[in-house]
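Below, read A as the first sequence line, B as the second, and so on, with proteins coming before strands; counting in each chain starts at 1.
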Amino acid sequence: MKYEHLQIEKKWQDFWINNKTFRTPEIDELDKSKPKYYVLDMLPYPSGDGLHVGHPEGYTATDIISRYKRMRGYNVLHPMGWDAFGLPAEQFALKKKINPKVGVEECVKRFRSQLQALGFSYDWDREVNTTDEEYYKWTQWMFLKLYNSYFDDNVNKAKPIEQLEIPEGLDETGKAKYVDSQRLAFISESPVNWCPELGTVLANEEVPEQIEKGFTVVRRMMKQWKLRITKYAQRLLDDLEELHWPENIKKLQYNWIGRSDGATVRFEIKGSDGKNRSIDVFTTRPDTLFGATYMVFAPEHKIIPEIVSDGQKEAVQKYIDEASRKSDLERAELSKDKTGVFTGAHAINPASGIEIPIFISDYVLMSYGTGAIMSVPGHDERDMEFAVKFGLDIIPVVTPAEYKDVAFKKIRTEEGEIIISGKGLEKMLNGEAKEFNNYCEEIKKGKTSFTGEGYSINSGFLTGLPTAEAKEKMIKWLEEKGIGKRSTNYRLRDWLFSRQRFWGEPFPLVHFEDGRIKALKEEDLPVRLPVVSSYTTSKTGESPLSLIEDWLYTSDKDTGEKVKRETNTMPQWAGSCWYYLRYIDPKNGEIFCDIEKEKYWMPVDLYIGGSEHAVLHLLYARFWHKVLFDLGYLTTREPFNVLFNQGMILGEDGVKMSKSRGNVINPDDMIREYGADSMRMFEMFMGPLEATKPWSTEGIAGLHRFLSRVWRLVIDDRTGEINSKIVDEEPSDEQKKMLHTTIKKMTRDIEDGDMKFNTSIAQMMIFVNEMYKMEKVSKEIVEQFVLLLSPYAPHISEELWQRLGNNESLAYHKWPEYDEALTKAEQITVAFSVNGKVRSKRSVDADLSEKDLEQLAFDDVSVNKHIFGKNIVKIIVVKNKMVNIVVK
RNA sequence: GCCCGAGUGGCGGAAUUGGUAGACGCGCAGGACUUAAAAUCCUGUUGCCUGUAAGGGCAGUAUCGGUUCGAUUCCGAUCUCGGGCACCA
């Protein structure tokens with residue numbers, strides 16, 4: 001009987017499902033003496049196109065690890081589920097005029113059967129779907145937790161809102177307002193990325209993707225729900241340290257959070273009305289304060305109307321109007337050419353005391369820092385560009401270290417040591433400081449700006465100090481004078497959490513007619529989506545839910561008042577923020593996850609997925625996890641201990657797979673033709689898991705050939721019986737050595753965590769090639785090999801295991817152990833080289849002494865040829881490796 | 001512009017982290033089996049030069065330079081490609 005992959009794979013897939021082979025027992029049934037291992041895949045979005053070849057890559061890797069860990073005696077949790085809310089399902093539904101639920105159900109069915117056809121060892125009893133009411137009930141519950149919590153800056157953690165201390169002297173509305181301003185989930189009028197074609201706002205993170213798809217994104221002010229992730233910026237940064245994640249992903253998150261250290265500085269403003277005002281700015285270079293020659297405010301800054309002079313009113317208003325129409329993208333695209341308008345107002349530089357003009361310009365962002373900056377054109381490229389365009393003063397206040405000796409001088413006087421710089425020094429040096437003077441001239445003329453660190457010049461009490469010290473001294477000075485302080489800023493913004501879509505989790509909130517908002521109680525959950533056969537978009541920017549009046553209006557449970565439901569829905573990220581917790585306790589009706597179970601299984605020991613989630617999903621999930629931890633629902637601070645990113649699989653032409661290119665490979669075809677085992681093996685054999693690599697259909701055929709060779713090694717093709725060369729005898733030394741070498745290589749490859757399964761497969765191929773050369777092969781050896789193969793190609797392994805006379809599934813059979821002594825070769829090839837060039841090789845006994853090796857090298861004919869008539873300078877002998885003779 | 005990552009045969013990739021470059025697979029070439037083909041099995045396969053042959057020589061891991069007895073591996077500079085961020089003060 002030939003290797004019939006279709007038949008064999010179906011047989012074992014049915015077996016595993018019917019016997020619930022991979023069911024992970026409930027916590028009380030578990031053997032707690034065994035270690036636990038939680039292997040997680042990033043849950044897929046079940047798209048209409050079905051699985052693509054990229055999915056099985058990561059899933060095969062986690063499946064290999066899961067199967068290996070089971071054989072190693074671990075309690076393994078390896079679940080799968082569906083992230084099914086979101087745009088694609090919704091748009092499909094709108095086009096087909098159906099409820100998205102219908103489409104999703106079909107996609108899930110297809111995905112599930114495709115995954116089962118690959119023989120993945122998921123515990124299907126724990127399957128979750130983010131769009132199930134019983135699931136999103138808890139997503140809503142978590143939103144309520146966020147809504148009903150605040151962040152206590154003193155202890156740096158979230159607390160229930162009841163514990164919030166409310167400032168005295170507020171009336172009821174004032175109190176309510178204050179509480180609302182502290183919630184982790186809050187509503188705010190803010191500029192959003194509005195996409196007219198999709199009829200929704202997008203998170204900053206989602207913008208590039210939609211623009212790539214050809215949609216337009218513009219800025220628009222809207223009332224939006226946000227989550228206060230910025231409060232967690234520092235903890236998200238700090239805890240990154242302890243995670244075993246790829247360095248590049250850590251770096252990506254690090255940059256995304258974007259911590260900047262510096263100071264806030266208060267500037268007094270001389271408004272045209274003569275009133276006293278002041279404004280804070282943030283700077284990372286307080287040491288350059290003496291060089292601040294003008295200020296720039298973001299066009300959206302609230303103070304502008306107060307300070308603008310009558311003469312400039314019109315021009316300023318015009319500029320503000322124009323800026324408000326531009327999207328962030330347009331603002332960035334037009335960045336090459338700086339624009340701006342003088343407000344007519346001035347501020348006082350607190351260090352130099354000089355009066356400086358205030359401008360507005362859209363290169364200053366309202367959403368970062370205080371929305372206003374001090375401009376130091378000499379030492380910031382953007383400020384320089386602006387200063388040149390508007391003819392503003394430029395003062396060099398930092399010199400590169402190379403001019404240190406001529407930029408300032410310490411002079412002893414009767415009063416002690418003083419430092420001089422600037423004009424006086426120039427004269428004193430009498431032309432000696434030519435290069436330094438050139439540098440200053442270049443800056444003053446606006447030809448260049450120096451943004452690096454160096455030494456302060458022209459800076460009063462800072463002059464002569466290196467940048468780091470100057471920063472410190474300035475901060476101290478500001479704090480003493482009470483006009484500034486040390487401060488930190490993050491690039492991370494609060495998470496825009498609402499979408500004007502139908503297909504998402506409804507917010508558990510209602511609005512009263514007077515504008516009050518009320519959060520529902522836990523027992524009111526879930527707030528179900530309306531059951532409609534189809535629906536349309538509103539075109540106004542509101543969610544389609546706003547048109548479904550039966551659903552929209554309801555009455556308040558307590559007062560019976562007529563209320564309107566919140567019509568926004570949550571973004572797709574919401575459901576995937578906590579799914580890994582639901583797997584642990586998927587049927588629990590009391591709580592999203594029992595804390596005892598969480599304590600046992602968390603954190604995730606291995607998490608594999610694509611790097612496209614490096615900053616979004618992985619940051620959001622960490623944030624939610626920390627909130628739940630703070631509120632006492634979890635025992636772990638971080639969810640994912642080890643993370644690994646699989647690389648992308650490109651088309652056979654080496655380019656990203658896409659329908660338009662026609663280079664998409666359908667996994668179904670591959671499984672039919674070559675089998676799931678071949679598919680799994682090939683995807684692991686292509687190269688290291690993290691590498692981006694092109695698909696090769698000839699390659700998968702090669703792996704099918706290998707599995708056929710394995711099959712024929714054990715089974716006689718014609719009779720279907722065990723091959724006559726498999727004998728029930730003690731294995732030969734040669735066979736033992738091959739087997740133990742293979743066990744060693746494969747065990748190490750898995751244990752080291754590098755996910756380089758390609759070399760393990762190569763080792764299996766070497767093993768099989770060797771066995772083919774032998775006339776007889778011990779059955780014991782073959783059985784051990786089948787166990788080694790089983791995590792990679794489980795179907796053929798189970799089949800061969802059974803045919804070799806084993807009644808039980810090998811899924812929980814002990815992983816083979818290796819004997820180090822048996823992996824050692826008796827004969828080793830050593831190289832003899834002269835001056836580093838290999839001249840000869842020779843097989844010698846292993847562990848031969850260095851002296852003997854040296855002697856053998858000198859006996860060698862080729863070596864002699866190359867050292868003849870030369871002086872021997874040095875001899876290097878490396879045991880079991882080589883001898884190098886250095887001659888002159 | 002800034003931050004990551006990577007450059008090794010015709011192709012995917014190995015190389016115990018400073019010690020025999022090219023494991024394993026694909027492709028290709030040759031042979032065996034076959035009436036023939038497929039399948040299968042075996043052999044060869046970095047390039048150039050040289051030899052009838054066994055063999056021998058030279059070059060070679062993006063480029064240039066350095067450290068070293070010895071460098072794909074370490075250091076410096078450059079180039080190319082991929083990914084991320086992008087007026088964040």
Side-chain angles (χ1 to χ4, degrees), chain A residues 2 208 246-252 254-256 258-260 262 281-285 288 296 328 331-336 338 361-365 367-376 379-383 385-386 451 489-493 611-612 614-615 647-648 650 652 654 681-682 685-688 690-703 705-706 708-709 712 717 745 748 756 758-766 769 772-773 829-842 862 865 873-887:
Chain A
K2 281 193 154 186
E247 279 310 313
N248 61 325
I249 301 294
K250 283 194 187 183
K251 196 91 185 179
L252 242 48
Y254 200 85
N255 291 340
W256 191 266
R259 181 186 159 123
S260 293
V281 300
F282 172 73
T283 176
T284 54
R285 293 293 298 269
T288 64
V296 185
D328 277 352
R331 270 166 83 150
E333 267 177 2
L334 299 169
S335 71
K336 292 282 177 291
K338 295 264 180 295
S361 173
D362 63 6
Y363 84 90
V364 176
L365 308 174
S367 50
Y368 184 78
T370 62
I373 61 162
M374 64 177 213
S375 286
V376 186
H379 305 282
D380 182 288
E381 280 173 21
R382 297 151 302 176
D383 294 348
E385 209 185 309
F386 192 86
T451 58
N489 256 286
Y490 300 90
R491 300 174 64 146
L492 185 69
R493 308 293 154 86
S611 59
E612 67 272 21
V615 279
M648 208 189 345
L650 306 172
E652 255 172 310
M681 293 279 277
F682 174 61
F685 188 63
M686 290 164 81
E690 78 272 16
T692 304
K693 54 233 153 190
W695 177 263
S696 160
T697 299
E698 276 166 347
I700 189 176
L703 270 293
R705 205 169 298 146
F706 167 69
S708 304
R709 271 166 76 78
R712 285 194 309 272
D717 251 5
K745 172 75 182 149
R748 290 195 167 182
K756 287 191 176 173
N758 50 336
T759 52
S760 280
I761 295 172
Q763 182 59 39
M764 285 195 270
M765 288 170 170
I766 293 168
N769 289 345
Y772 261 71
K773 288 179 192 154
T829 307
V830 293
F832 298 143
S833 56
V834 179
N835 286 350
K837 272 197 178 133
V838 177
R839 295 299 176 186
S840 179
K841 290 173 194 181
R842 186 176 168 158
S862 315
K865 212 161 74 188
V873 180
K874 206 171 181 181
I875 300 161
I876 291 121
V877 184
V878 182
K879 220 172 166 184
N880 290 338
K881 286 263 156 64
M882 45 85 67
V883 178
N884 187 21
I885 301 167
V886 187
V887 295

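- The side chain of A/Arg705 contributes an N or O atom lying less than 4.0 Å from OP1 or OP2 of B/G27.
- Distance CD (A/Glu381) to C1' (B/C87): 11 Å, rounded to an integer number of Å.
- Closest to the side chain of A/Lys756, out of B/C87, B/A15, B/C69, is B/A15.
- Closest contact between the side chain of A/Glu698 and the listed nucleotides B/G27, B/C87, B/U20 involves B/G27.
- Mapped onto RNA chain B by nearest heavy atom, A/Asn880 and A/Gly836 fall at different nucleotides, with A/Asn880 at the one closer to the 5' end.
- For A/Met765, counting side-chain heavy atoms from C-beta on, the closest listed nucleotide (B/A15, B/U20, B/G25) is B/G25.
- Residues passing the ring pair (Phe, Tyr, Trp, His ring centres under 6.0 Å) test with A/Phe386, sequence neighbours excluded: A/Tyr294, A/Phe359, A/Tyr363, A/Phe390.
- In this structure, the nucleotide among B/C26, B/C4, B/C69 sitting nearest to the side chain of A/Lys251 is B/C4.
- In this structure B/G9 sits in the syn conformation; its chi angle is within 90° of 0.
- Straight-line distance between the P atoms of B/A37 and B/C33: roughly 12 Å, to the nearest whole Å.
- A donor-acceptor pair under 3.5 Å links the side-chain atoms of A/Lys693 to the main chain of A/Pro688, judged by distance alone.
- Taking the C1' atom of each, B/C85 and B/G18 are spaced 37 Å apart, rounded to whole Å.
- Distance, A/Asp717 CG to B/A39 P: 15 Å, rounded to whole Å.
- A/Asp717 places no side-chain N or O within 3.5 Å of a backbone atom of A/Arg712 that could act as its donor or acceptor partner.
- Of the N and O atoms on the side chains of A/Arg709 and A/Asn769, at least one donor lies less than 3.5 Å from an acceptor on the other residue.
- Remark: the A/Asn248 side chain and the B/C4 base include no donor-acceptor N/O pair separated by less than 3.5 Å.
- Atom pair A/Arg709:CZ and B/U40:P shows a separation of 9 Å (rounding to whole Å applied).
- Nearest heavy-atom pair, A/Thr451 versus A/Asp380, reported as atom, atom and distance to 0.1 Å: CG2-CA, 4.0 Å.
- At the phosphate of B/A23, neither OP1 nor OP2 sits under 4.0 Å from any side-chain N or O atom of A/Asn769.
- The shortest heavy-atom contact between A/Leu365 and A/Asp362 is CD2-O, 4.3 Å.
- Between B/C87, B/A14, B/G70, one nucleotide has an atom nearer to the side chain of A/Asn758 than all others, and that is B/A14.
- Of the P atoms belonging to B/U63 and B/U80, the separation is 15 Å, rounded to the nearest Å.
- Sequence order on RNA chain B of the closest nucleotides to A/Ser862 and A/Arg748 puts A/Arg748 first from the 5' end.
- Nucleotides B/U16 and B/C3 place their P atoms 30 Å apart, quoted to the nearest Å.
- Nucleic acid contact for A/Gly702: sugar-phosphate only, since backbone atoms but no base atoms lie under 4.0 Å from a heavy atom of the residue.
- Nucleotides B/G84 and B/U46 are separated by 38 Å at their P atoms, to the nearest Å.
- Look at A/Arg712 and you'll find a side-chain N or O under 4.0 angstrom from OP1 or OP2 of B/C41.
- Of the candidates B/A89, B/C24, B/G19, the closest approach to any side-chain atom of A/Ala762 belongs to B/C24.
- Of all heavy-atom pairs spanning A/Ser367 and A/Arg493, the tightest one is OG-NH1, 2.7 Å.
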Please list, for nucleotides 6-12 of chain B, all pairs of protein and nucleotide N/O atoms separated by less than 3.5 Å.
residue	atom	partner	partner atom	Å
B/G12	O2'	A/Met686	O	2.6

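- Here A/Ser840 pairs with A/Asp860 under the side-chain hydrogen bond (donor to acceptor under 3.5 Å, both in side chains) rule; sequence neighbours left out.
- Counting all heavy atoms, side chain and backbone alike, A/Ile875 lies closest to A/Val883 at CG2-CG1, 4.3 Å.
- Closest to the side chain of A/Thr829, out of B/U20, B/C87, B/C85, is B/U20.
- A/Lys881 has no side-chain polar atom (N or O) that falls below the 4.0 Å cut-off from OP1 or OP2 of B/G19.
- For the C1' atoms, the distance linking B/A29 with B/G9 amounts to 16 Å, nearest Å.
- Considering only side-chain N and O atoms, A/Arg839 lies nowhere under 4.0 angstrom from the phosphate OP1 or OP2 of B/U20.
- B/U17: glycosidic angle within 90° of 0, hence syn.
- B/A54 sits 27 Å from B/C41 when the C1' atoms are compared, rounded to a whole Å.
- As rounded to whole Å, 6 Å separates atom C1' of B/A89 from atom CG of A/Asp380.
- In this structure A/Phe682 satisfies the ring pair (Phe, Tyr, Trp, His ring centres under 6.0 Å) test together with A/Trp695, sequence neighbours excluded.
- Between A/Lys837 atom NZ and B/A71 atom P there is a gap of 10 Å when expressed in whole angstrom units.
- Across the protein-nucleic acid pair, A/Leu365 atom CG and B/A89 atom C1' stand 9 Å apart, rounded to whole Å.
- Take A/Asn489 and apply the side-chain hydrogen bond (donor to acceptor under 3.5 Å, both in side chains) test, not counting sequence neighbours, and it matches no residue.
- A distance of about 11 Å separates the P atoms of B/C24 and B/U45, rounded to the whole Å.
- Across the protein-nucleic acid pair, A/Leu252 atom CG and B/G82 atom P stand 18 Å apart, rounded to whole Å.
- Residue A/Ile876 is classed as a base contact, given a heavy-atom separation below 4.0 Å to a base.
- Residues A/Glu652 and A/Glu698 approach most closely at OE2-N, 4.4 Å, considering heavy atoms.
- Closest heavy-atom contact between A/Val296 and A/Val364: CG1-CG2, 3.5 Å.
- Atom-to-atom, CZ of A/Phe706 to P of B/U40 comes out at 14 Å; the value is rounded to the nearest Å.
- Remark: RNA chain B takes part in the stems B:1-7 with B:79-85, B:10-12 with B:24-26, B:27-32 with B:40-45, B:46-50 with B:55-59, B:62-66 with B:74-78, each of 3 or more antiparallel Watson-Crick or G-U pairs, criterion distances under 3.5 Å.
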